[in-house]
Engineer: 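The following block contains the structure, expressed as structure tokens.
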Amino acid sequence: MEYNFRDIEKKWQDWWKANKVYQVSNQSEKPKHFVLDMFPYPSGAGLHVGHPLGYIASDIYSRYKRLKGFNVLHPMGYDAFGLPAEQYAIEHGIHPAVSTASNINNFRTQLDKIGFCYDWEREVNTSQPGYYKWTQWLFLKLYNSYFCNTEQKARPIAELVAKYETAGCKHFTAAQWQQFSVAEKEEWLMKRRLAYSAYGEVNWCEALGTVLANDEVVNGVSERGGHPVEKRRMRQWYLRITAYADRLLHGLSTVDFSDAMKEMQTNWIGKSSGAEIDFKVKSEQGKIETLRVYTTRPDTIFGVDFMVVAPELDLIGEIKSKEQTIADDEYLAYVKSRSERERMAEKKITGVFTGAFAINPFDGKEIPIWTSEYVLAGYGTGAIMAVPCGDERDHKFARHFNIPITNIIGAHYNGEEANPTKEAILENSGFLDGMLMKDAIEVAIEKIEAAGIGKRKINYKMRDAGFSRQRYWGEPFPITWKDSVPVAMHEKDLPLLLPHMDEVKPGKGGEGPLLNLTEWVNTPEGQRETSTMPGYAGSSWYFLRYMDPKNDNEFCSRAASDYWGQVDLYIGGTEHAVGHLLYSRMWTKVLYDLGLIGFDEPFKRLLNQGMIQGSSRFVYRIHGTSQFVSAGLKDQYTVDQIHVDVNIVDGYELDTEAFRKWKKGEFADASFLLEDGKYICGAEVEKMSKSKFNTVNPDDLVYRFGADTFRMYEMFLGPVEMSKPWDTKGIEGVHRFLKKLWRLFFKLSDSPSVGGGEGEVIWTDAPATDAELKVLHKTIKKIEDDTERFSFNTGVSSFMICVNELTDLKCHKKRNPATARDLTGSLCTAYCGRTLAPAGQ
RNA sequence: GCCCAGAUGGCGGAAUUGGUAGACGCGUCAGACUCAAAAUCUGGUGUCCGCAAGGAUGUGCAGGUUCGAUUCCUGUUCUGGGCACCA
């Protein structure tokens, strides 16, 4: 028998299962280590070769830490609520619970084949009541807490109520508070709660009668059906993550994330300091007296040549002049149809003059007020003072609309492009003349404050996080509305089960599908909230649940979270850089503030795996025929480029027979124009996706080469943090290496009776020579180094070098004194996921 | 548009702190074994010139710092990720 990976792998996987080898206890003498993967959304497409990349890396590291004497928590679960399952239900009539369960089954089967060392006893599934009960419980904690500005931490809202009752605040006295109605009191509390309700804009599609995710809007129309989409204001839930902006910023210095990751989060939070300035307004209507702008560069106030107000601000209606009305309305309609992304990415300069003017408080100059989509309502005050000589966008705008440009920085401005310098000496700048700009910032703020027309202001680009979705497949809010006042459910009544729906369709007026369940919505206490929580609700705290997954009384006992503490190593993709990672950091800080856990950063160390892209293949059909031309000849014809399944292409050469059978014979009558007797496909690197026919399923590879080969090959592809297109060519090399390793201990046997998937034993117990030991120890040292710095590709390479050298030395020894087994049976086990040595180590 | 990252042979990649560029693997070429094939083994393989010894050149592109740059700096091109309701 030859190296029979199938029998060997099955034997060990069964053995692990039977002996619960990877079950982890919360009690141990050993030091703890928590190695976590970002859990997957179980999509219907199943696992492709991109998913396991990070999982294999974390698995190797977990096994390595275990070998080093740690009690390692290495769990896996499913982020099971989400939009695609709901979409699938709408299109195919399959209930999300059904498709999700079947997807999870499929994922689990696929994961098991790769030989991971997860403790499956700790599996979590965010869509199970036993789990989302605690997501709801945590929501109530957020709802019932506020951010105390003095202590800079979350406190129970009851403390705030007590303060209002006894001392009032700057907006009202204690006596006034007592007089407030329930609704008035709630309105004040909503301004402070960490989870609160307010109005916000959504993508509304009239034709589909529903709210759409950004993902479902393509080029301003709905992906399904191509209907127009516009912005609409609706009541939403939010998390007050902005209250934690500073702590989220400072916390970055206490964690081991890449500099790029820290930078991305820092930029997302976008802390800036500057001033808010009120400009007097001169308009036909005369309704509005001042326009408030936020600027980080108050030193440039004498260079302001125009103002820009976000188009959606109500303010515009109140300052615009009669002649401008039509232009404005048209422009507003145009902006309403555009996504924020499109607005920011737009190169074309658009805008409308409102007909009103602002007055520069220092020199009395009249400044035209414009509106343009490049200013967003959500940031700062939604209005900017534009300084063309110092800001490129302002400069382009001024040029486009022929607005005269004031130069306040002399030779630093060349008249061609803006110069955002702070090093220039100011000119044409009144009381700031002759000052260095960076010094003038302070002077300007002081003057503005002294004149009572503005104040120093710290601003954040980050906005509060929208926390409700007009969807079915998510956690229901434990909230009931009574006379437009939200009432929280009592903790002891949780979970609020997601009720069954036969058919998932949107509720009236864009509300969530749950609105259709009249009996469920209408309760004696009032009307239930019909929106559900977003995908990131369950994933913001799941790492805690792994520590104590079966606890019915708590989300996670303090003993468990004290024992396991922070995640020591978290592996996942950078695509979560600013979403999931910021949310879970915020939740952790809230839980810490409330004394529910003992640490305020969830992830001590973060490793970002690169994305495995698909390498798509194309065939070229001569337009209007069933004749296909090889890539090298395609320019001679008018052709349609068609994605072809990468699994029927060998490198670039199409298997034409398989192609005729592909897609149930859609191309059965295809004929081919070949080059050099071959049909060569075109290629492009794209995201790995079922619709592009470029997915490679790990199951096939595991079947053909074994899990060990598959794992090592994924690691051998390159640095784990780098993105790269998948290419199966090359897996043979790793497979050859494992066969070569096997041949250090066995030889091919003629006798079929030598069984168990293991050949004839040829190893000896003879002591190793110095040369052999040198190879061994050199390799152990190198691979430990490589594993510690997550350089798994060079680790695999070191194994290859070692085996090549031992083969050259004709070494077939297993033990004595330091053994080959140390290497093959331990470190290699960490990489492969099981052992090649028959000793069972 | 804004933020982040990447670019090295035919291909994936190595070079850990500025010090011999191309480890390891794939592919390919030549050879051994074989009736033949597979498997396995041995050797060559960045490019250009040369029979060879050897020489020149070479890490996306253009500059710079340095005795010395794949590595540091400035600019630039292309590719990928994110940009707040995909997860």
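Side chains are part of it too, since the values below use all heavy atoms of this structure and drop only hydrogens, waters and symmetry mates. Chain identifiers are assigned alphabetically (A, B, ...) following the order of the sequence lines, protein sequences preceding nucleic acid strands; residue numbering begins at 1 within each chain.
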Engineer: Return the value, rounded to whole Å, for the distance between atom CE of A:M715 and atom P of B:G25.
Structural biologist: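 My rounded result for the distance is 19 Å.
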
Engineer: Between A:P534 and A:N267, which has a closest nucleotide on RNA chain B that is more 5'?
Structural biologist: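 Upstream on the strand: A:N267.
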
Engineer: Is A:K262 touching bases, backbone alone, or none of the nucleic acid, heavy atoms closer than 4.0 Å?
Structural biologist: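 Contact class for A:K262: none.
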
Engineer: How should the glycosidic conformation of B:G9 be described, syn or anti, under the criterion that syn lies within 90° of 0?
Structural biologist: syn

Engineer: State which residue, out of A:Y132, A:Y238, A:Y196, A:W237, fulfils the ring pair (Phe, Tyr, Trp, His ring centres under 6.0 Å) condition with A:F139.
Structural biologist: A:W237

Engineer: Name the pairing partner of B:G63, where a pair is Watson-Crick or G-U wobble with both distances under 3.5 Å, or state none.
Structural biologist: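 Pair assignment: B:G63 / B:C73.
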
Engineer: Return yes if some donor-acceptor pair links the side-chain N/O of A:K461 with the main-chain N/O of A:G380 below 3.5 Å, else return no.
Structural biologist: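 Checking the backbone N and O of A:G380 against the side chain of A:K461, no donor-acceptor pair under 3.5 Å is found.
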
Engineer: Would you classify A:G82 as touching base, sugar-phosphate or nothing, given that sugar-phosphate means primed atoms plus P, OP1 and OP2, and contacts are heavy atoms under 4.0 Å?
Structural biologist: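 Contact class for A:G82: sugar-phosphate only.
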
Engineer: Show the distances under 3.5 angstrom between N or O atoms of the protein and N or O atoms of nucleotides 10-12 of chain B.
Structural biologist:
from, atom 1, to, atom 2, distance (Å)
B:G12, O2', A:L717, O, 2.4

Engineer: As a test of understanding, state which of A:F39, A:Y583, A:Y131 forms a ring pair (Phe, Tyr, Trp, His ring centres under 6.0 Å) with A:W541.
Structural biologist: A:Y131

Engineer: Can you measure A:D79 atom CG to B:A87 atom C1' for me and round it to whole angstrom units?
Structural biologist: 7 Å

Engineer: Considering Watson-Crick and G-U wobble pairs with both distances under 3.5 Å, what does B:U17 pair with?
Structural biologist: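 With both distances under 3.5 Å required, B:U17 matches none.
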
Engineer: Enumerate the protein-to-nucleotides 77-82 of chain B contacts in which both atoms are nitrogen or oxygen and the separation is below 3.5 Å.
Structural biologist:
from, atom 1, to, atom 2, distance (Å)
B:G80, O2', A:Q613, NE2, 3.2

Engineer: Does A:V211 reach a base, just sugar-phosphate, or nothing at all? Heavy atoms under 4.0 Å.
Structural biologist: base

Engineer: Can you tell me which nucleotide in B:A23, B:U16, B:U42 comes closest to the side chain of A:D786?
Structural biologist: B:U16

Engineer: Whole Å only: how far is the CG atom of A:L738 from the P atom of B:A39?
Structural biologist: 17 Å

Engineer: Considering Watson-Crick and G-U wobble pairs with both distances under 3.5 Å, what does B:C2 pair with?
Structural biologist: B:G82

Engineer: Tell me whether the OP1 or OP2 atom of B:C26 has a side-chain N or O from A:R736 closer than 4.0 Å.
Structural biologist: yes

Engineer: If B:U42 has a Watson-Crick or G-U wobble mate with both distances under 3.5 Å, name it; if not, just say none.
Structural biologist: B:A30

Engineer: Starting at the 5' end of RNA chain B, which residue's closest nucleotide do you reach first, A:E201 or A:S798?
Structural biologist: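 Nearest-nucleotide comparison on RNA chain B picks A:S798.
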
Engineer: Whole angstrom is fine here: how far is it from OH in A:Y713 over to C1' in B:C26?
Structural biologist: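 Whole-Å distance recorded here is 8 Å.
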
Engineer: Take the protein atom CG of A:L376 and the nucleotide atom P of B:C2, then report the distance between them rounded to whole Å.
Structural biologist: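 For the pair A:L376 CG and B:C2 P, the rounded distance is 14 Å.
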
Engineer: Just name whichever nucleotide pairs with B:G9, Watson-Crick or G-U, keeping both distances under 3.5 Å, else none.
Structural biologist: none

Engineer: Could you check whether A:V202 gets within reach of a base, just the sugar-phosphate, or nothing at all, counting any heavy atom under 4.0 Å?
Structural biologist: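 It contacts base atoms.
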
Engineer: Does the A:R585 side chain pair with the main chain of A:L248, one donor and one acceptor, at a distance under 3.5 Å?
Structural biologist: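 Yes.
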
Engineer: Between A:H51 and A:Y55, how do the two ring planes meet: parallel, tilted or perpendicular, split at 30° and 60°?
Structural biologist: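 Judged by the thresholds at 30° and 60°, the geometry between A:H51 and A:Y55 is parallel.
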
Engineer: Rounded to the nearest angstrom, tell me the gap between atom CE in A:M800 and atom P in B:C24.
Structural biologist: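 In whole Å, B:C24 P and A:M800 CE are 11 Å from each other.
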
Engineer: Has A:Q110 got a side-chain atom pairing as donor or acceptor with A:L47's backbone, closer than 3.5 angstrom?
Structural biologist: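 Looks like yes, one N/O pair under 3.5 Å.
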
Engineer: Give a yes-or-no answer on whether the side chains of A:Q236 and A:S468 include a donor-acceptor pair shorter than 3.5 Å.
Structural biologist: yes

Engineer: Will you find, in the side chains of A:N608 and A:T574, an N or O donor that is under 3.5 Å from an N or O acceptor?
Structural biologist: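 A:N608 vs A:T574: no donor-acceptor pair found between side chains.
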
Engineer: Test ring-ring contact (aromatic ring centres under 6.0 Å, His included) on A:Y713 and A:W726; report intermediate values, then the result.
Structural biologist: CA-CA 11 Å; A:Y713 182 57; A:W726 177 265; 5.6 Å; yes

Engineer: Which of the following nucleotides, B:C26, B:C86, B:A15, is nearest to the side chain of A:D215?
Structural biologist: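 Closest nucleotide to the A:D215 side chain: B:C86.
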
Engineer: Expressed as a whole number of Å, how far does the C1' atom of B:A69 sit from that of B:G64?
Structural biologist: 11 Å

Engineer: Mind checking if A:M38 touches a base, just sugar-phosphate, or nothing, with heavy atoms under 4.0 Å?
Structural biologist: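 No contact.
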
Engineer: Dump the intermediate steps for ring-ring contact (aromatic ring centres under 6.0 Å, His included) on A:H580 and A:Y536, then the final yes or no.
Structural biologist: CA-CA 6 Å; A:H580 161 65; A:Y536 68 82; 9.2 Å; no

Engineer: Which whole number of Å gives the distance between the C1' atom of B:U28 and that of B:U34?
Structural biologist: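 That atom pair is separated by 22 Å.
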
Engineer: With heavy atoms under 4.0 Å as the rule, sort A:Q236 into base, sugar-phosphate or nothing.
Structural biologist: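 Base, at least one base heavy atom under 4.0 Å.
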
Engineer: Touch check for A:S468, heavy atoms < 4.0 angstrom, all strands: base, sugar-phosphate only, or nothing?
Structural biologist: base

Engineer: P atom, B:G13 versus B:U77: distance in rounded Å?
Structural biologist: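 Rounded to whole Å, the distance is 24 Å.
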
Engineer: Give a yes or no answer on whether the side chain of A:N267 reaches the backbone of A:G270 with a donor-acceptor pair at less than 3.5 Å.
Structural biologist: no

Engineer: OP1 or OP2 of B:C41 sitting under 4.0 Å from any side-chain N/O of A:R743?
Structural biologist: yes

Engineer: Need one value for A:K348: base, sugar-phosphate or nothing, where a base atom within 4.0 Å counts as base even if backbone is also close, heavy atoms only.
Structural biologist: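 No contact at all - A:K348 keeps every heavy atom at 4.0 Å or more from the nucleic acid.
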
Engineer: Nearest to the side chain of A:D808, which nucleotide is it out of B:A23, B:U40, B:U42?
Structural biologist: B:U42

Engineer: Is the phosphate of B:G25, meaning OP1 or OP2, less than 4.0 Å from a side-chain N or O of A:N804?
Structural biologist: yes

Engineer: Roughly how many Å is it from CG in A:L741 to P in B:U40, rounded to a whole number?
Structural biologist: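 It works out to 14 Å between those atoms.
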
Engineer: Output yes when a side-chain donor or acceptor of A:K724 lies under 3.5 Å from a complementary backbone atom of A:P719, and no otherwise.
Structural biologist: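 Yes, the answer is positive, given that a donor and an acceptor are paired below the 3.5 Å cut-off.
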
Engineer: If I take atom CZ in residue A:F737 and atom P in nucleotide B:C26, what distance separates them, rounded to the nearest angstrom?
Structural biologist: 12 Å

Engineer: Counting just side-chain N and O atoms, does A:R469 come under 4.0 Å of either OP1 or OP2 of B:C85?
Structural biologist: yes

